[in-house]
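One structure is given below, encoded as structure tokens.
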Protein chains: 4
Amino acid sequence: MRLGMIGLGRMGANLVRRLHDGGHDCVVYDADAGAVTALTADIDVTGVSSVAELVQRLPVPRVVWVMVPAGAVTTGVIEELADALSAGDIVIDGGNSYYRDDIAHAKLLADNGIQLLDCGTSGGVWGRERGYCLMVGGDRAAFDRAEPIFATLAPGVAAAPRTPGRDGEVTQAENGYLHCGPSGAGHFVKMVHNGIEYGMMASIAEGLNILHHADIGNREQQSDAETAPLSHPEFYRYDIDIEQVAEVWRRGSVIGSWLLDLTAGALAKSPDLEEFAGRVSDSGEGRWTVIAAIDEGVPAPVLTTALYARFASRHLFEFGAKVLSAMRKQFGGHDERSG
Amino acid sequence: MRLGMIGLGRMGANLVRRLHDGGHDCVVYDADAGAVTALTADIDVTGVSSVAELVQRLPVPRVVWVMVPAGAVTTGVIEELADALSAGDIVIDGGNSYYRDDIAHAKLLADNGIQLLDCGTSGGVWGRERGYCLMVGGDRAAFDRAEPIFATLAPGVAAAPRTPGRDGEVTQAENGYLHCGPSGAGHFVKMVHNGIEYGMMASIAEGLNILHHADIGNREQQSDAETAPLSHPEFYRYDIDIEQVAEVWRRGSVIGSWLLDLTAGALAKSPDLEEFAGRVSDSGEGRWTVIAAIDEGVPAPVLTTALYARFASRHLFEFGAKVLSAMRKQFGGHDERSG
Amino acid sequence: MRLGMIGLGRMGANLVRRLHDGGHDCVVYDADAGAVTALTADIDVTGVSSVAELVQRLPVPRVVWVMVPAGAVTTGVIEELADALSAGDIVIDGGNSYYRDDIAHAKLLADNGIQLLDCGTSGGVWGRERGYCLMVGGDRAAFDRAEPIFATLAPGVAAAPRTPGRDGEVTQAENGYLHCGPSGAGHFVKMVHNGIEYGMMASIAEGLNILHHADIGNREQQSDAETAPLSHPEFYRYDIDIEQVAEVWRRGSVIGSWLLDLTAGALAKSPDLEEFAGRVSDSGEGRWTVIAAIDEGVPAPVLTTALYARFASRHLFEFGAKVLSAMRKQFGGHDERSG
Amino acid sequence: MRLGMIGLGRMGANLVRRLHDGGHDCVVYDADAGAVTALTADIDVTGVSSVAELVQRLPVPRVVWVMVPAGAVTTGVIEELADALSAGDIVIDGGNSYYRDDIAHAKLLADNGIQLLDCGTSGGVWGRERGYCLMVGGDRAAFDRAEPIFATLAPGVAAAPRTPGRDGEVTQAENGYLHCGPSGAGHFVKMVHNGIEYGMMASIAEGLNILHHADIGNREQQSDAETAPLSHPEFYRYDIDIEQVAEVWRRGSVIGSWLLDLTAGALAKSPDLEEFAGRVSDSGEGRWTVIAAIDEGVPAPVLTTALYARFASRHLFEFGAKVLSAMRKQFGGHDERSG
């Protein structure tokens, strides 16, 4: 089908390519005209130079996919579309919007008879080839109308063996896209997905860090009243080849996973990862997942701890650590160690 | 090759079946004679009624795989083999032994010229079909001699796409088995593997628990000085179909993993998991991973928190929680709520 | 000075008593007329039967202290006062309001020229005797006018030795009350105070729980493939008298604290705390503290974990724990243990 | 009574001074002769130049207090004393020994009829003046004989108000010393005490760190696909005077504690703590507390998290953080941010 795409960054451009490969006809726009030119030079899609023009080029009822940074930018585009589109049109927000913003955006568009589908889109830079996992919220009828788009973007059932016990008709979930509920439900599920991602990533990272330090018994130890001595250095004399370990875990182990595949890929390129500083960013979903756990009053200690490890990697506990040092100095006269 | 297997529990029997399918010739023993009879009735392997007989039936130099419960049982079998075997023979401990026990066992056997290979074996009940991920420690030459066994048990390179950048000869790690280092290294790596497993499992469980409670805004709220009110119930009115969510995440998402596949399988059978009480056991590896982190002095907050969630699921913080209630009663006169 | 008090629950009534003891003249109101009668029967204060009457009985410019449940009830009273009071009057919200609500309430009142002081009030049921620690936000001039009230309610400098290095004039903070900043600052500081309280309480509770289980080596152990065996029972044969331990820590130790004093008091009454079920409520401040940490992007793993321990004590991870059990059943065929 | 003191570091010398003030007669030794000279020049105690000489100068049955670094140094002194002392003598290990070492040391000494008392000693550099909190394990009769020493070192009941409900004869615990059980029990209780200390310290530090960042809404925010935007900067515009906050919390608040007193003292000297780098050491007790929790199978998430925050403050998660960055680069093409 013919649809519009607003936002041709890494994710947006790849979505267009996969849609194009799947036989859809895309009208594309980006605030950066260069991004439009680059894409139209590469594949057969229609480039436009304004949202208004994009709207004009689409058949009624229109479908417009928005793929721009979450927050103020997305809200701006939604507001523009609320004016430019007509009753019966559909907007799909495929970015990383906070599900609460979806609820507000959906109301805004609904005032003009326009439907919003919020679509959590997982798959990263690999999605063009592997397909995207799509978690969608909003009106069910609008979802049904846009389904051909989701079906093309998703990986399809062949991407993984069917779950034992599922042998009837292939469901949408098995194809890799799911209508999760009313407005916000798609991004809510995607938010929790990212929360889980943080936890799984931290699990792998902590484990590899333990293996990385498994030779600590071979290094000379400081030991004084201020430092816990390593009582059994003989148990920590392993020089583990972490690159190989990541590889061996990829087949047959309980922790086999796509994140482990990627880790193995990164270590294959750079066993010591020396090109990284270890300052780990976080986008909003990890934070929002924790806030959801707090609001619901359910414990999420692993996911939260994973988030905090990222904060700490950016040295955001520095003042608190100084407080600890100051207390130790006060009660024990302990000076900080230089090393 | 011909080898002996001691221990025909779920894991041991499946190892024998896979070895038999792979053309190896197995002599099998279990303290429970019924387990021997059951297996020999099913496939063409040689059953024996004692360790001594097993040793007798093996060609020199012998290879004996031990697959019995970690701890005292394994130590007993190792001690028996130290007497029964001869210099040049190889013992493989494929169970869940603590790597520190491996070091002691290896010394004990080495006194009689026998080599111990410690082999962490991941794959659970699915291993017979999928193959096992094998992490091996001990003497390199002994490992090389036993390699045909590992090669048969492991999944082989075809079980997963090769990591981008690896295109030369297929390595052992790519086939699913790895010599990790000297005695204990195999179980050390397996220990950390299980630590990661705990973290990944808890990540998925916490995320699904948050989704499970996403309808809390639809339930009536208590609100008084003792209870935090839910300030925005309108953000928690989702009735998420968790079974479908687990399914959709299996294709194209960042958190795709074997554990997620299993979760989807469990939910497909029983969406509410009502047959489970939620009392989660832990075998030793999670605990030992944490102790390794502590000894090394490196943080493992996610893996540790995952372990503690299991302890708490078995109500082992009850006294501590009473202390909290008692403090609240003391300073605020707060009575516990019944619900 | 003469002031009004709205809300005569446990906290409000005690505030009035302490103010009365300190020579202030209180006009008191509660939606429950019985609470007014009870208090006026006991001490010489003026009871009224409506907010309007309370306002009438106060000299201009008026000062009204509001001590009612946070959330909707407080907002209702603030709205009523916005109408009933006049420009130049002061409202003090001494309850546990979310600091964000203070900002909204302050705006509402400011529209009529009325000042809001948000006052975090710590001290619990002991405050009447010990004095209250008061953290105040809002207009500085309004704070100065209300200071005699704060000075009476606070413990005064004699309640603790002066901090070494402070020997000039006694500051407000040293007397136990502090102007923390603009609207919301008082409850923000009180919120973090309560977050710290959760962490300190959990620290004591976890430690005592470890002591409580220090005799685990004396109990018979299950040991099988599913359960981590206790490898050194000889190290866990202590039958610790926790009541005595709490007492000994009260003098000379690094962890001496009021919470420990209270713990010792609770254990003195009931060494096994058998009257408690261990279901630990949380009011809003712990949650809001975590949300503040998340918003600021700084790690607060200890405070958050303490909060989650409360959630878990109320069995709110049950579904997640079932997911864990279901995964273990799937990959390892592990049945849950009954015990 | 007359007793020997081995080890005249900061703690040992202060113990001698307090014992001397309390009328005891001390024979003192340190491997560093200068420490002996310094102390004998200052107060009237008997300096000796060897353990043998110290033993000679004590009346039979002898009491020797050992106050040297835990681990190998303590073990060396214990071994020396096992030879030099006679049946009926008492050794008190007042250092920070692992309670498991006490059990071994007690056996070693018992072979020669000598009793070991393990004495956890809390109070730091303030103990000389405030008195020490003493947690003692070992033979009860030996404890009774040494009690005059403990009674002098402890703060005495007047150091804190008696716990409500305790009004009979003052117990040992109320005086600040306690016989906790057989060998190791004293250091076990001290170990858990320090575990709690870590948790309380981290609670205060995290809380103050949140206050320190409460002005984040005043700073310019980066916002792009990689960074979670601060959605409500208006809620984070507080410039909190942390020094004053620590002071106000000292009187009347629920979190009043000696650690808070010290924090207020440190902030009074240096509000920004700029002389500290925030690299926080840990001696053994925090680690051992966690290992005890793991062995007992009880959750201690708060205490453990506090320990890990110290590890992380020393940059020991660096490799793990690089793994996280590497994964993000792999799946999302995310470059690390410089700032």
Side-chain angles (χ1 to χ4, degrees), chain B residues 9-10 69 71 96 98 124-126 201-202 204-206 208-209 212-213 223-229 231 259 262-263 265-266 270 273 276-284 287 301 305 309-310 312-313 316-334 336-337, chain C residues 9-10 69 71 96 98 124-126 201-202 204-206 208-209 212-213 223-229 231 259 262-263 265-266 270 273 276-284 287 301 305 309-310 312-313 316-334 336-337:
Chain B
R10 196 157 39 197
N96 281 325
Y98 196 11
V125 295
W126 301 72
M201 287 174 68
I204 294 171
E206 289 186 4
L208 294 182
N209 195 52
H212 181 73
H213 288 266
S223 175
D224 55 36
E226 298 313 292
T227 313
S231 45
L259 286 165
L262 298 180
T263 304
S270 164
L273 303 176
F276 296 100
R279 297 176 67 86
V280 192
S281 292
D282 71 288
S283 50
R287 300 181 181 208
T305 301
R310 295 190 172 198
S313 80
L316 289 158
F317 190 58
E318 198 175 66
F319 183 76
K322 289 181 179 188
V323 172
L324 292 176
S325 284
M327 276 191 249
R328 298 187 79 243
K329 175 80 178 172
Q330 283 278 320
F331 71 71
H334 305 306
E336 286 189 318
R337 306 186 62 86
Chain C
R10 198 158 37 198
N96 282 324
Y98 196 12
V125 293
W126 302 72
M201 286 175 69
I204 294 171
E206 289 185 4
L208 294 182
N209 196 52
H212 182 72
H213 288 266
S223 176
D224 54 35
E226 297 314 292
T227 313
S231 46
L259 285 165
L262 297 180
T263 305
S270 165
L273 304 175
F276 295 101
R279 296 176 68 85
V280 192
S281 293
D282 71 288
S283 50
R287 301 181 180 208
T305 301
R310 295 189 173 198
S313 80
L316 289 158
F317 190 57
E318 200 175 64
F319 183 77
K322 289 181 179 188
V323 172
L324 291 177
S325 284
M327 276 192 247
R328 298 187 77 246
K329 176 79 178 172
Q330 283 278 322
F331 71 72
H334 305 307
E336 285 189 319
R337 305 187 64 86

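Throughout, a chain's letter reflects where its sequence line sits, starting with A, and its residues are numbered from 1. Atoms considered below: every heavy atom in the structure, side chains included; atoms not considered: hydrogens, waters and symmetry mates.
- Put simply, of B/L208, B/T305, B/I204, the one with the most heavy-atom pairs under 4.5 Å next to chain C is B/L208.
- With B/R10 contributing its side chain and C/G332 its backbone, the two residues share a donor-acceptor pair below 3.5 Å.
- Side-chain contact between C/R310 and C/M201 is present, with heavy atoms from C-beta onward closer than 4.5 Å.
- The candidate with the highest count of non-hydrogen atom pairs below 4.5 Å against chain B, out of C/A202, C/A266, C/A312, C/G265, is C/A266.
- By the ring pair (Phe, Tyr, Trp, His ring centres under 6.0 Å) test, C/H212 is found to be paired with B/F319, residues two or more places apart in sequence or in another chain being considered.
- Counting heavy atoms from C-beta outward, B/K322 and B/F317 have side chains that stay 4.5 Å or more apart.
- Both the backbone and the side chain of C/A277 come within less than 4.5 Å of a heavy atom in chain B.
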